[in-house]
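As the structure is a computational prediction, the values presented were derived from the model and not from experiment. Just so it is clear: chains get the letters A, B, ... in the order the sequence lines come, proteins before strands, and each one is counted from 1.
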Amino acid sequence: MPELPEVEVTRLSFADKIAGAKLLSLHLGKPLRWPLGCVPAQLAGRTVRGVRRRGKYLLIDLDQGLLLLHLGMSGSLSFAARLPASGKHDHFELVTTQGSLRLNDPRRFGAVVYAQTEDAPLARKLLGRLGVEPLSEDFDAELFHTGLKRRKAAIKQVLLAGDVVVGVGNIYASEALFLAGIRPTVSAARLSRPRVVRLHAAIRDILGRALTSGGSTLRNFSSASGQKGHFQFETMVYAREGQPCRVCGKAIKSLRQGQRSTFYCPACQKV
DNA sequence: AAAAGCCCCTGGATGC
DNA sequence: TGCATCCAGGGGCTTT
């Protein structure tokens with residue numbers, strides 16, 4: 001579910017509310033991707049400093065240590081002074097003096113991991129390979145071009161891999177490539193300089209607009225305050241196979257790349 | 001080093 | 001409220 005915009009929308013929806021809170025208790029449901037990495041009771045009494053985002057990870061900084069959260073494919077958070085009774089897919093809950101934070105994740109591809117610091121082994125492994133933040137100043141076209149040059153794989157798959165640039169998932173990869181007029185199957189290394197510049201701009205544009213729209217809610221995504229996104233109504237190609245391109249009218253096509261579907265316009269994205 | 005496939009898991013949609 | 005099949009916002013791990 002959640003790509004960078006959804007994760008950032010989630011962060012913004014509870015970061016201020018939880019900052020400064022003292023942890024009272026922590027509750028776990030079924031196993032997520034990794035074990036928590038500490039005894040839940042150990043965290044009682046610690047204070048939440050703030051919430052950051054790195055790629056699709058949320059980092060909850062404590063006065064000692066931090067929690068890494070990932071929403072996987074189907075995860076969403078809720079934060080409220082009082083939450084309703086927990087359901088079968090609620091697998092993590094943090095009760096604090098300022099409210100409770102709960103992760104609902106039916107497929108359990110998500111993760112909640114405690115780390116002493118960002119350099120702890122697992123945290124380092126997860127965060128260490130992440131590419132540049134696309135909405136930061138660090139993401140410039142020059143650097144992007146350099147990163148793409150050494151990758152011969154299809155540009156769509158390089159975007160999804162997240163080691164050149166983070167946060168672009170399956171929806172926004174298709175959308176950004178459409179905006180840039182680039183066929184998803186083209187080798188990343190073979191993209192000309194001007195096309196990389198267009199793609200760089202397209203990624204920032206699409207992620208920025210999705211963020212403004214509260215992200216995309218395909219099934220059940222909502223922010224931690226329950227707001228659903230509406231960017232799914234603005235997609236140009238994603239999940240629009242067979243429908244007319246909103247620019248040229250030609251039927252949108254789809255294909256499989258690395259067991260994920262990709263959507264594109266055969267006319268607007270000729271190469 | 002990079003690329004390709006596999007797998008984790010549940011549920012909804014579609015087809016028979 | 002049958003059963004089988006396919007598909008879904010991700011990404012770490014193993015194998016080539």
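- Counting to the nearest Å, the C1' atom of C:dG12 and the CZ atom of A:R129 are 6 Å from each other.
- Nearest nucleotide to the A:R256 side chain, out of C:dC7, C:dG10, C:dG12: C:dC7.
- Using modelled atom types, one side-chain atom of A:T97 and one backbone atom of A:K22 make a donor-acceptor pair closer than 3.5 Å.
- For A:P266, the side-chain contact (heavy atoms from CB on, under 4.5 Å) criterion is met by A:R183, A:K253, A:Y264, not counting sequence neighbours.
- Across the protein-nucleic acid pair, A:H70 atom NE2 and B:dC8 atom C1' stand 14 Å apart, rounded to whole Å.
- Across the protein-nucleic acid pair, A:R260 atom CZ and B:dC7 atom P stand 16 Å apart, rounded to whole Å.
- In secondary-structure terms, DNA chain C builds stems of at least 3 consecutive Watson-Crick or G-U pairs, each pair having both distances under 3.5 Å, at B:2-8 with C:10-16, B:10-16 with C:2-8.
- We find that NZ of A:K156 is positioned 15 Å from P of B:dA3, with the value rounded to whole Å.
- As judged by a 4.0 angstrom heavy-atom cut-off over every strand, A:Q232 is placed among residues making no nucleic acid contact.
- Proximity of A:K30 to the phosphate of B:dT10: a side-chain N or O atom is located under 4.0 Å from OP1 or OP2.
- Checking C:dG10, B:dA4, B:dT10 against the side-chain heavy atoms of A:R33 singles out C:dG10 as nearest.
- Atoms CG (A:D163) and P (B:dA4) sit 13 Å apart, rounded to a whole Å.
- Across the protein-nucleic acid pair, A:Q257 atom CD and B:dG5 atom P stand 12 Å apart, rounded to whole Å.
- Residues from residues 196-205 of chain A placing a heavy atom under 4.0 Å of any atom in DNA chain C do not occur.
- For the residue pair A:N220 / A:K228, no side-chain donor-acceptor distance below 3.5 Å is found, with atom types taken as modelled.
- If A:R150 and A:R219 are placed on DNA chain B by their nearest nucleotide, the residue sitting closer to the 5' end is A:R150.
- A:E93 places no side-chain N or O within 3.5 Å of a backbone atom of A:L101 that could act as its donor or acceptor partner.
- Ring geometry for A:Y57 against A:H70 counts as perpendicular: the plane angle is over 60°, on a 0 to 90° scale with 30° as the lower cut.
- In this structure, A:R108 contributes its side chain and A:P31 its backbone to a donor-acceptor pair below 3.5 Å.
- Exactly one residue among A:V7, A:N104, A:T10 makes a side chain to side chain contact (heavy atoms under 4.5 Å, CB included) with A:L77. That residue is A:T10.
- Every residue was checked against the salt bridge (Lys or Arg N to Asp or Glu O under 4.0 Å) condition with A:R49, not counting sequence neighbours, and none meets it.
- In this model, the phosphate group of B:dG11 is approached by a side-chain N or O of A:K88 to a distance below 4.0 Å at OP1 or OP2.
- Mapped onto DNA chain B by nearest heavy atom, A:A154 and A:P106 fall at different nucleotides, with A:A154 at the one closer to the 5' end.
- For A:E175 (side chain) and A:V237 (main-chain N/O), a donor-acceptor pair under 3.5 Å exists by modelled atom type.
- Of the residues in residues 107-128 of chain A, A:R107, A:R108, A:F109 come within less than 4.0 Å of DNA chain B through at least one heavy atom, sorted by number.
- In this entry the distance linking CG of A:D105 with C1' of C:dA8 reads 13 Å, nearest Å.
- Salt-bridge formation is detected for the pair A:R124/A:D119: a Lys NZ or Arg NE/NH1/NH2 atom is positioned less than 4.0 Å from an Asp or Glu carboxylate oxygen.
- By the salt bridge (Lys or Arg N to Asp or Glu O under 4.0 Å) test, A:E142 pairs with A:R193, sequence neighbours left out.
- Between B:dG11 and A:H89, a contact under 4.0 Å exists linking OP1 or OP2 to a side-chain N or O.
- Whole-Å rounding puts the A:L4 CG to C:dG11 C1' distance at 15 Å.
- Remark: side-chain polar atoms of A:H230 are paired, donor with acceptor, to backbone N or O of A:S213 under 3.5 angstrom.
- A:Y57 has a side-chain polar atom (N or O) that falls below the 4.0 Å cut-off from OP1 or OP2 of C:dG12.
- Judged purely by atom type and a 3.5 angstrom limit, A:E3 uses its side chain to pair as donor or acceptor with the backbone of A:Y172.
- The side chain of A:Y238 has C:dA8 as its nearest neighbour among B:dA4, C:dA8, C:dG10.
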